[in-house]
Colleague: 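Let me begin by handing over the structure; questions about it come next.
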Amino acid sequence: MSKGIAPVRGMNDVLPGQMAGWQLLERVTRELFSAYGYEEMRMPVVEHTELFKRSIGEYTDIVEKEMYTFTDIGGDSLTLRPEATAGLLRAAISNGMLRGARLKLWTAGPMFRHEKPQKGRYRQFHQIDLEALGFPGPDIDAELIALTARLWKRLGITRVRLQLNSLGTPAARAAYREKLVAYFQQHESSLDVDSKRRLGGNPLRILDSKNPDMRSLIADAPSLPDYLDEESKAHFAQLRASLDACGIEYQVNPRLVRGLDYYSRTVFEWTTDALGAQDAICSGGRYDGLVGLLGGESTPGIGCALGMERVVELLGAVPPAAGPQVYVIVAGESAERKALELAETLRDSPQAPSVHVNLGGGSIKTQFRRADQSGATLALILGEAEIERGVVAVKPLRAEGVQSEIPLAEAAVRLAGLLNS
RNA sequence: GUGGACGUAGCUCAGCUGGUAGAGUCCCGGAUUGUGAUUCCGGCCGUCGCGGGUUCGAGUCCCGUCGUCCACCCCA
């Protein structure tokens with residue numbers, strides 16, 4: 001045996017036993033998104049590096065130190081997407097989908113960020129992403145949030161909390177940022193190491209600090225809501241009124257800022273107390289300037305992304321898919337061919353039951369154990385004795401009942417009767 | 001990127017102050033001729049994460065490295 005090859009750090013295999021949760025999430029989101037009028041689309045996993053620099057922001061953690069960037073054979077700088085919004089907008093622009101249109105779109109797939117792996121944080125992770133383009137008002141903001149709230153309900157997830165904030169227009173945000181930097185510079189000596197670093201890059205993130213020593217300093221800092229422009233205030237008030245009307249609980253958190261530069265006005269984040277430190281399961285916001293920034297006709301937009309690994313973790317134990325309806329036990333090598341033939345005949349029949357044939361041999365005892373473990377409703381036993389008489393033995397595995405025999409020629413119909421009873 | 005804990009059969013783990021690896025489970029076979037639980041018997045499975053060092057001798061001590069987990073950081 002030669003030496004094994006390890007998986008790439010932070011990149012996980014999803015094994016058959018874990019798929020039930022993923023499939024449940026995928027099925028429920030697909031149905032729900034469609035019901036709200038969102039259409040699916042798919043984009044490449046690789047984009048030009050410039051796309052992410054321009055959208056996410058050159059001085060964000062993601063762009064500065066977390067991107068999988070490489071030069072391809074043609075000499076282009078390409079990057080494995082660290083998030084979905086930029087690529088989706090690029091695709092909408094590239095394909096001429098905007099032109100004043102109102103679009104509701106969703107996509108899902110792997111994203112890549114070179115972070116230190118931790119529970120709920122992986123280097124390849126999966127997001128489901130929703131984007132609504134061309135809707136300026138707070139109505140879409142409210143509907144999008146209502147959709148996510150309904151998603152948790154459908155999935156049976158209860159330990160979640162919604163936080164909400166408005167960052168205002170880029171101009172208002174910039175003005176606030178200046179005030180904030182000035183304030184923290186005055187108190188630079190009391191800043192911790194992380195906050196000093198953030199002061200130059202993303203000073204708003206200082207507000208998010210978990211360091212208790214910073215609490216009083218942060219409490220006295222200029223507050224973002226005081227610097228909001230009138231239109232943003234009105235937008236936010238209408239959003240809140242709509243959420244109230246829909247009975248969606250939320251908490252306004254003036255210190256909720258996002259790590260991506262493109263957000264404006266509404267930002268929101270769903271968190272849970274059930275996952276440890278990586279507690280954000282879905283977050284997003286409005287990005288009215290982003291389409292223009294990427295070279296498209298100025299179009300308002302709002303979107304959000306949910307982390308599939310994290311949500312699947314919250315689902316807990318999802319019952320596995322049902323086993324086959326029948327399991328064919330092959331008594332003796334001489335019956336192998338006939339067993340395959342029988343299975344194919346059954347699959348050809350109008351009833352088309354799900355059939356597993358025992359493959360790879362094994363004693364009768366072992367085959368019965370496999371039949372039991374497969375979850376099959378009925379076991380069929382086919383051996384030389386049965387073949388000679390033109391029958392197959394049938395034994396119920398789940399319900400009480402005795403073993404019987406049915407003619408091979410009528411197998412499909414007779415089995416259908418037994419399975420329906 | 002920083003700090004801490006951990007890394008022994010496919011899986012869950014035991015292995016005290018260093019003496020040359022063990023249990024349960026899983027899988028396979030058997031316990032009267034072709035029948036799933038349980039029980040019993042037998043079989044299969046390990047370069048003790050990897051690489052150095054100390055020692056007569058290391059799974060057990062030291063260093064490094066890789067990985068996992070937790071927190072910081074970041075974020076979905």
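Reminder, nothing fancy here: chain letters follow the sequence lines and each chain counts from 1.
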Colleague: Check whether the side chains of D141(A) and H235(A) place a donor and an acceptor atom closer than 3.5 Å, and report yes or no.
Modeller: yes

Colleague: OP1 or OP2 of C28(B) less than 4.0 angstrom from a side-chain nitrogen or oxygen of R370(A), does that happen here?
Modeller: yes

Colleague: To the nearest angstrom, how far is R198(A) atom CZ from C73(B) atom C1'?
Modeller: 7 Å

Colleague: Between D279(A) (CG) and A71(B) (C1'), how many Å, whole number?
Modeller: 13 Å

Colleague: Give RNA chain B the dot-bracket treatment, 5' to 3': Watson-Crick (N1-N3 with N6-O4 or O6-N4) or G-U (N1-O2, O6-N3) under 3.5 Å, [ ] crossing, | other strand.
Modeller: (((((((..((((........)))).(((((.......))))).....(((((.......))))))))))))....

Colleague: Counting only heavy atoms not in E249(A), do more than 12 fall under 6.0 Å of its CD?
Modeller: no

Colleague: For a quick check under 3.5 Å, do E47(A) and T79(A) share a side-chain donor-acceptor pair by atom type?
Modeller: no

Colleague: How close or far is atom C1' of U68(B) from atom NZ of K116(A), stated in whole angstroms?
Modeller: 11 Å

Colleague: Using atom C1' in both nucleotides, what's the gap between G30(B) and A21(B) to the nearest angstrom?
Modeller: 28 Å

Colleague: With a 4.0 Å cut-off on heavy atoms, is A371(A) in touch with a base, just the backbone sugar-phosphate, or nothing at all?
Modeller: nothing

Colleague: Just to verify, which of V391(A), L415(A), V413(A) counts as forming a side-chain contact (heavy atoms from CB on, under 4.5 Å) with I406(A)?
Modeller: L415(A)

Colleague: In whole angstrom, give me the gap between the P atoms of G53(B) and U25(B).
Modeller: 41 Å

Colleague: Taking A9(B) as the reference, what is the distance to A14(B) when you measure between their C1' atoms (whole Å, please)?
Modeller: 13 Å

Colleague: Tell me the interatomic distance from Q278(A), atom CD, to C69(B), atom P, rounded to whole angstroms.
Modeller: 11 Å

Colleague: Looking at C73(B), I'd like to know if its phosphate oxygens (OP1 or OP2) sit under 4.0 Å from a side-chain N or O belonging to R205(A).
Modeller: no

Colleague: Using the C1' atom on both, measure G3(B) against C74(B) and round to a whole Å.
Modeller: 16 Å

Colleague: Report which part of the nucleic acid E66(A) touches: base, sugar-phosphate, or nothing (heavy-atom distance under 4.0 Å, all strands).
Modeller: sugar-phosphate

Colleague: Just to be sure I understand the rule, does G120(A) reach a base, reach only the sugar-phosphate, or reach nothing, if contact means heavy atoms closer than 4.0 Å?
Modeller: base

Colleague: Can you check the distance between C27(B) and U20(B), where both ends of the measurement are the P atom (answer in whole Å)?
Modeller: 33 Å

Colleague: Evaluate side-chain contact (heavy atoms from CB on, under 4.5 Å) for Y262(A) paired with T85(A), printing each intermediate quantity in order.
Modeller: CA-CA 10 Å; Y262(A) 53 62; T85(A) 303; 3.5 Å; yes

Colleague: Using a 4.0 Å heavy-atom cut-off, does G375(A) contact any base of the nucleic acid, only the sugar-phosphate backbone, or nothing at all?
Modeller: nothing

Colleague: Write down the distance between CD (E131(A)) and C1' (A76(B)), rounded to a whole number of angstrom.
Modeller: 13 Å

Colleague: Base of C66(B), side chain of R9(A) - is there a donor-acceptor contact under 3.5 Å?
Modeller: no

Colleague: Show the numbers, then the answer: is there a side-chain contact (heavy atoms from CB on, under 4.5 Å) between I128(A) and L25(A)?
Modeller: CA-CA 10 Å; I128(A) 296 175; L25(A) 174 60; 4.1 Å; yes

Colleague: Check R198(A) against S209(A) and note the closest heavy-atom contact, atom names and distance.
Modeller: NH1-CB, 4.0 Å

Colleague: Given the side-chain rings of Y38(A) and W106(A), with only the six-membered ring counted for Trp, is the space between their centroids under 6.0 Å?
Modeller: no

Colleague: Classify the angle between the aromatic ring planes of Y176(A) and Y227(A) as parallel (below 30°), tilted (30 to 60°) or perpendicular (above 60°).
Modeller: tilted

Colleague: Quickly work out the E309(A) CD to C75(B) C1' distance and round it to whole Å.
Modeller: 13 Å

Colleague: Just to be sure I understand the rule, does Y122(A) reach a base, reach only the sugar-phosphate, or reach nothing, if contact means heavy atoms closer than 4.0 Å?
Modeller: base

Colleague: Mark up nucleotides 31-40 of chain B, 5' to 3', with B wherever a protein heavy atom is under 4.0 angstrom from a base atom, S wherever such an atom reaches only the sugar-phosphate, and - elsewhere.
Modeller: B--BBBS---

Colleague: Is the positively charged end of R54(A) above the ring of F52(A), judged by distance under 6.0 angstrom from the centroid and angle within 45° of the axis?
Modeller: no

Colleague: Which listed nucleotide (U68(B), C75(B), C73(B)) is nearest to the side chain of P117(A)?
Modeller: U68(B)

Colleague: Sticking with atom P, work out how far C61(B) lies from A5(B), rounded to a whole angstrom.
Modeller: 13 Å

Colleague: For the P atoms, the ones on G42(B) and on G4(B), what distance do you get once it is rounded to whole angstrom?
Modeller: 48 Å

Colleague: Given the C1' atoms of U47(B) and C41(B), what is the spacing between them in whole Å?
Modeller: 32 Å

Colleague: Mind checking if G284(A) touches a base, just sugar-phosphate, or nothing, with heavy atoms under 4.0 Å?
Modeller: nothing

Colleague: Round to the nearest Å and state the distance from K119(A) atom NZ to C75(B) atom C1'.
Modeller: 17 Å

Colleague: Can you tell me the distance, in whole Å, between the CZ atom of F125(A) and the P atom of C74(B)?
Modeller: 16 Å

Colleague: Check the surroundings of atom CZ in R102(A): do more than 12 heavy atoms from other residues, nucleotides or ligands lie under 6.0 Å from it?
Modeller: no

Colleague: Which sits closer to the 5' end of RNA chain B, K65(A) or A280(A), going by the nucleotide each is nearest to?
Modeller: K65(A)

